[in-house]
There are 2 protein chains.
Amino acid sequence: MPGLREGNLLSTSRLALSTRFDEWQQGAFDPELCPVRDVLGHLRDKWTTLILMALAGQPRRFSQLRRAIPDISKRMLTQTLRNLERDGLLSRQVFPTRPPSVEYRLTPLGESLLVPMAHLASWAEHAHADITESRSRFDADRP
Amino acid sequence: MPGLREGNLLSTSRLALSTRFDEWQQGAFDPELCPVRDVLGHLRDKWTTLILMALAGQPRRFSQLRRAIPDISKRMLTQTLRNLERDGLLSRQVFPTRPPSVEYRLTPLGESLLVPMAHLASWAEHAHADITESRSRFDADRP
DNA sequence: CCGAATCCTTTTCGATACTG
DNA sequence: CAGTATCGAAAAGGATTCGG
C-alpha cells in the first residue's frame with residue numbers, strides 16, 4: 001500500500017523539519033545548534049554537487065576533473081576541492097611523479113552523502129515537469 | 001541486516017549519480033537535459049530551506065514568517081517567496097481585509113520536497129561531528 | 001500589513017598571469 | 001600537471017523609502 005507509506009513518510013518528514021525549525025529558532029539560529037546550515041553550506045555553491053557526482057563513480061585527477069566539467073575554472077575547482085577536503089568528504093593523494101599528479105576520491109563520509117543526494121536528484125527529475133509548467137503559467141499571467 | 005541494506009543503497013546511489021553525470025556530460029550540461037541544476041537552483045540560495053521548513057508545520061502569513069526568521073530582510077523574503085510560488089512549491093492566498101493579509105502554504109508538490117529535505121537534514125546532523133572534527137584537523141595542519 | 005523600487009555593500013566567480 | 005595570486009565583473013544581499 002504505497003499511498004499509506006507515502007503519507008506516513010510525509011508526516012514524519014514534516015514533523016521532523018518543523019520540529020528542527022522550532023529548536024533552531026529557540027536558539028536564535030546559532031550555528032552550533034543548527035548543524036544543517038553549517039554542514040550543508042558548501043553544498044549550496046555552484047560546483048560542489050557536480051564535483052561529488054563526477055567522483056561518485058571513480059577517483060579522478062585534477063585535470064580529469066577539469067575535462068569532466070568543462071566550464072569550471074581552475075580557481076573554482078581548486079577552491080571547491082579544498083573545501084570538500086577540509087570537510088572530510090574527499091581525500092587528496094599526491095603522487096611524487098614528474099610532473100606531479102594528484103588524485104581525488106570520496107571518503108566513506110563523502111560516499112554516505114551520495115545517498116540523500118540521489119534522493120534529491122530523483123525528486124528533482126520527478127518534479128521537473130510540474131515545475132516547468134508552473135513557471136510557464138506564472139510567467140504567462142504577468143508580462 | 002542493516003549493513004547489507006546500507007551497502008546496496010550506497011551502490012545504487014553511486015551508480016545513479018555517476019550515470020546521470022555521464023548523461024549530462026554527453027549533453028554538454030544543457031539545462032533541458034539536466035533538470036537537477038535547474039530545479040534545485042533555488043534551493044541553493046540562502047533562505048529557501050529555512051522558509052520551507054517554517055512552512056512545513058503550518059501555513060503562515062508574511063509578517064509571521066518575518067518573525068519566525070528574524071534576520072531575513074523584507075526584500076529577501078518577498079523575493080524568495082516569489083520564486084517558490086513561481087515554481088509551484090507554495091501557494092499565496094490574499095485575504096481582502098484592511099489591512100490586507102497574505103497567507104503562504106506549501107502545495108502538495110512543495111510538501112513532497114520535504115521528504116528528501118528531511119533525509120538531507122538527517123544526514124547533516126549525523127555527519128556534523130565528523131565534519132567539525134575534520135575541519136579542526138585540517139586547519140590545525142596549516143596556520 | 002504587504003510589497004515594489006532604489007541605492008549601496010558584500011560575496012562570488014572567472015580570466016589572466018605566474019610558480020614548483 | 002597542479003596549483004597560487006591578483007584583479008575586475010557580476011550577482012546576491014541589506015537598508016531604506018515609498019505606495020496600495
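So that the names make sense, note that chain A is the first sequence line, chain B the second, and so on, each numbered from 1. Please read all numbers here as calculations on a predicted model, not as lab measurements.
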Check whether any side-chain N or O of [X] sits under 3.5 Å from a backbone N or O of [Y] as a donor-acceptor pair, and report yes or no.
X	Y	answer
B/Q64	B/R61	yes
A/R60	A/A54	yes
A/S134	B/R86	yes

Over how many whole Å does the gap from [X] atom [atom1] to [N] atom [atom2] extend?
X	N	atom1	atom2	answer
B/R98	C/dC2	CZ	C1'	12 Å
B/L43	D/dA12	CG	P	15 Å
A/D45	C/dT12	CG	C1'	10 Å
B/R86	C/dG3	CZ	C1'	19 Å
B/E85	C/dC2	CD	P	15 Å

(message) Quick check: do B/D38 and A/R135 have side-chain heavy atoms less than 4.5 Å from each other?
(response) yes

Less than 4.0 angstrom between a side-chain N/O of [X] and OP1 or OP2 of [N], yes or no?
X	N	value
A/K46	D/dA11	no
A/Y104	D/dG3	yes
A/R44	D/dA12	no

(request) State the CD-CZ distance between B/E111 and B/R105, to the nearest 0.5 angstrom. (result)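 Atom-to-atom, B/E111:CD and B/R105:CZ are 9.5 Å apart.
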
(request) Could you tell me whether A/R20 and A/E23 make a salt bridge, using a distance below 4.0 angstrom between a side-chain N and a carboxylate O? (result) no

(request) Tell me which residues in residues 49-82 of chain A put a heavy atom below 4.0 Å from DNA chain C, sorted by number, or none. (result) A/K74, A/R75, A/M76

(request) Could you tell me whether B/F95 contacts a base, only the sugar-phosphate backbone, or nothing, with contacts defined as non-hydrogen atoms closer than 4.0 Å? (result) nothing

